[in-house]
Amino acid sequence: MAESNFVDFVKIYCRSGKGGRGSVHMRREKYIPNGGPDGGDGGRGGHIILRGNRNYWTLLHLKYERHVFAEHGGNGSRNKSFGKDGSDKVIEVPCGTVVYNAETGEYVCDITEHGQEVILLKGGRGGLGNWHFRTATRQAPRFAQPGEPMREMTVILELKLLADVGLVGFPNAGKSTLLSVVSAAKPKIANYPFTTLEPNLGIVSYHEGKSFVMADIPGIIKGASEGRGLGLRFLRHIERNSLLLFMVPGDTDDIRKEYDILLNELTTFNPEMLDKQRILAITKSDLLDEELIEMLRPTLPKDVPYVFISSMTNTGIKELKEIIWTELNKESNQLSTSEQYERIVHKSKNLVSLQEELQKLGEDQDFVYIEDEEEDEDFDYEYEEDWEEESEE
């Protein structure tokens, strides 16, 4: 993992800008001894904005940018001059990024489309100058509003890949091999467990220029929900998939048992995954003869469509594509993209499991909060001195 550029989990500290203070000032011009109040308003503090960008596919660009600060608003001045609004700070994130509050584990927002913008933290409003507080009985107000304070939050950005089909299986079930055969993706393939250490995406071509996206995640094992193997960390990447393709090797002692184990681990991670459409692919079928295949058919699950495939000989690959395309185009999947994402319910994180995950990923350090060097000075000392001199006269 140290050599990988795939980063799907970062923790950053965000702070919006504070509003500028309003000005306390009296108009002083030649031949106009009592010009009245003309203090201007303070400027708005900058927002912290999240924006979806399809050109990013990981959160690597945010891994070393741990403090994100927006600009403070400028103070108001004489002649009803408004203070400058603070510049907004835009954080570009890949589509599929989910945001959580790192201190409470509460779900904040979800970025799913290119160009989608969400204001994570609003900047403070600028204070009103003394010009706004003039009345018939109070013609020389000597006060103004301070700007609203800045807002701060430590957030966790979690990437969940957007794909149509998610591959689920034990290590060495042939997931990466299938992805390399049906798409142009080049995942690492080797004859040992946990070859795949990060998710891979591939675009699978279909008839007449049609295509769908397939996601391969690291293999899970029995007890993954308890932290064994690579745990369930990467299962978040198939939460958005419309269809789950379970892959079990044909030389397994009990195909139905392995399928049930995988289904149970998914249920432990998120019970809503049971509502997704499922397909079972029995891989490495080139090791089976026709007689053995016919003997295995009665033992397979009855509630899901299945197909025997071999990525080495391309056996059943065409049939698998047909089944996937048919399942993807069922009425239950004919919702618009936004409607599909609205159906996904992002639950708040458990604080205990969240801290454990942060420790595993080395994201559990506390941030050093940087205080502003400038002090909040009193309103317009020059005006107050002039007023005192005038009073003495």
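In what follows, every heavy atom counts, from backbone to side chain, and hydrogens, waters and symmetry copies are set aside.
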To check you understand the geometry: which heavy-atom pair defines the closest contact between Val24 and Pro141, and what is its length? CG1-O, 4.3 Å
Check: Ser183 side chain, Ser180 main-chain N or O, donor-acceptor pair, under 3.5 Å: no
Evaluate the side-chain proximity of Arg27 to Ile32: yes if any heavy-atom separation is below 4.5 Å, no if none is. yes
So, do Asp88 and Arg44 sit near enough that their side-chain heavy atoms are less than 4.5 Å apart? yes
Check step by step if side chain to side chain contact (heavy atoms under 4.5 Å, CB included) holds for Asp260 and Arg256. CA-CA 6 Å; Asp260 290 339; Arg256 177 61 182 268; 3.5 Å; yes
Are Val90 and Val118 connected into the same hydrophobic cluster when the rule is that any two of I, L, V, M, F, W, Y join if their side-chain heavy atoms are below 4.5 Å apart? no
So, the side chain of Asn75 versus the backbone of Arg21: is there a donor-acceptor pair under 3.5 Å, distance only? yes
Heavy atoms, side chains only, cut-off 4.5 Å: are Ile156 and Val99 in contact? no
State, to 0.1 Å, how close Ser87 and Glu71 come at their nearest heavy-atom pair, and which atoms those are. OG-OE1, 2.8 Å
Sub-4.5 Å side-chain heavy-atom contact between Ile91 and Ile48: yes
Among Glu117, Gln116, His114, side-chain hydrogen bond (donor to acceptor under 3.5 Å, both in side chains) partner for Arg51: Glu117
Assess, by modelled atom type and distance only, whether the side chains of Arg278 and Tyr259 contain a donor and an acceptor separated by less than 3.5 Å. yes
For Ser205, give me all partners under side-chain hydrogen bond (donor to acceptor under 3.5 Å, both in side chains), at least two apart in sequence or on another chain. none
Backbone N/O of Asp254 and side chain of Thr252: donor-acceptor pair under 3.5 Å: no
Checking His61 side chain against Glu92 main chain: does a donor-acceptor pair fall under 3.5 Å? yes
Under 4.5 Å between side-chain heavy atoms, counting indirect links through other Ile/Leu/Val/Met/Phe/Trp/Tyr residues: same cluster for Leu59 and Val68 or not? yes
Derivation of the side chain to side chain contact (heavy atoms under 4.5 Å, CB included) call for Arg138 and Phe133: CA-CA 8 Å; Arg138 186 175 57 205; Phe133 302 103; 4.1 Å; yes
Under a single-linkage definition using a 4.5 Å side-chain heavy-atom cutoff for Ile, Leu, Val, Met, Phe, Trp and Tyr, are Val108 and Ile111 assigned to the same hydrophobic cluster? yes
Donor-acceptor under 3.5 Å (Asn130 side chain, Phe143 main chain): no
Quick one: CG on Asn34 to CE on Met26, what's the gap to the nearest 0.5 Å? 9.5 Å
Using modelled atom types and a 3.5 Å cut-off, is there a donor and acceptor pairing between side-chain atoms of Lys210 and backbone atoms of Trp325? no
Heavy atoms only: give me the nearest Lys80-Trp131 pair and the separation to one decimal. CE-NE1, 2.8 Å
Can Asp8 and Lys160 be counted as an ion pair, charged N to O under 4.0 angstrom? no
Checking ring pair (Phe, Tyr, Trp, His ring centres under 6.0 Å) for the pair Phe212/Tyr206: CA distance, chi angles, key distance, verdict? CA-CA 8 Å; Phe212 54 88; Tyr206 191 64; 7.0 Å; no
To the nearest 0.5 Å, what is the distance between CZ on Arg66 and OG1 on Thr154? 11.0 Å
Quiz question: by atom type and distance under 3.5 Å, do the side chains of Ser176 and Asp216 form a donor-acceptor pair? yes
Should Ile261 and Asn264 count as side-chain neighbours, where that means a heavy-atom distance under 4.5 Å? no
According to a 4.5 Å side-chain heavy-atom criterion applied to Ile, Leu, Val, Met, Phe, Trp and Tyr, with indirect links allowed, do Met295 and Ile282 form part of one hydrophobic cluster? no
Would you say CG of Asp253 has more than 12 non-hydrogen atoms from neighbouring residues, nucleotides or ligands within 6.0 angstrom? no
For Ile293, does the CD1 atom sit with more than 12 other heavy atoms under 6.0 Å from it, leaving out its own atoms? yes
Could you tell me the separation between the OG atom of Ser311 and the CG atom of Leu178, rounded to the nearest 0.5 Å? 4.5 Å
Go through the steps for Glu327 and Ile279 under the test side chain to side chain contact (heavy atoms under 4.5 Å, CB included), then give the verdict. CA-CA 9 Å; Glu327 294 293 324; Ile279 298 175; 3.8 Å; yes
Should Arg134 and Asp38 count as an ion pair when the cut-off is N to O under 4.0 Å? no
Provide the closest heavy-atom pair for Pro37 versus Gln139 in the form atom of the first, atom of the second, distance. CD-O, 3.3 Å
Min side-chain heavy-atom separation Asn53-Cys95 under 4.5 Å: no
Between Phe170 and Leu262, is any pair of side-chain heavy atoms under 4.5 Å apart? yes
For Glu148 and Arg125, indicate whether the former's side chain and the latter's backbone hold a donor-acceptor pair under 3.5 Å. yes
Working note: Tyr13 + Glu152, criterion side-chain hydrogen bond (donor to acceptor under 3.5 Å, both in side chains); need CA distance, chi angles, decisive distance, verdict. CA-CA 7 Å; Tyr13 168 70; Glu152 56 186 11; 2.4 Å; yes
Any donor and acceptor pair, going by atom type alone, linking the side chain of Thr97 with main-chain N or O of Val93 inside 3.5 Å? no
Give a yes or no answer on whether the side chain of Thr326 reaches the backbone of Glu322 with a donor-acceptor pair at less than 3.5 Å. yes
If you measure from CD1 on Ile255 to CG on Leu296, what distance do you get to the nearest 0.5 Å? 5.0 Å
Drop me the distance from Cys14's SG to Met150's CE, to the nearest 0.5 angstrom. 13.5 Å
Of all heavy-atom pairs linking Lys284 and Pro249, the shortest is CD-CB, 4.1 Å
Please report the C-alpha distance between Met247 and Leu167 in whole Å, then the side-chain angles of each, then the deciding distance to 0.1 Å, and finally whether the side chain to side chain contact (heavy atoms under 4.5 Å, CB included) criterion is met. CA-CA 7 Å; Met247 303 185 64; Leu167 303 182; 4.1 Å; yes
Hey, what do you get for CG (Leu157) to SG (Cys109), rounding to the nearest 0.5 Å? 8.5 Å
Grouping I, L, V, M, F, W and Y whenever their side-chain heavy atoms are under 4.5 Å apart, do Val155 and Val7 come out in a common cluster? yes
May I ask you to decide if Gly126's main-chain N or O and Asp41's side chain share a donor-acceptor pair within less than 3.5 Å? no
Just wondering, more than 12 heavy atoms not from Glu291 lying within 6.0 Å of its CD? no
Going by heavy atoms in the side chains, are Ser310 and Thr283 under 4.5 Å from each other? no
With a 4.0 Å cut-off, would you call Lys321 and Glu319 a salt bridge? no
Can you give me the closest heavy-atom contact between Ile309 and Gly316, atom names plus distance? CG2-O, 3.5 Å
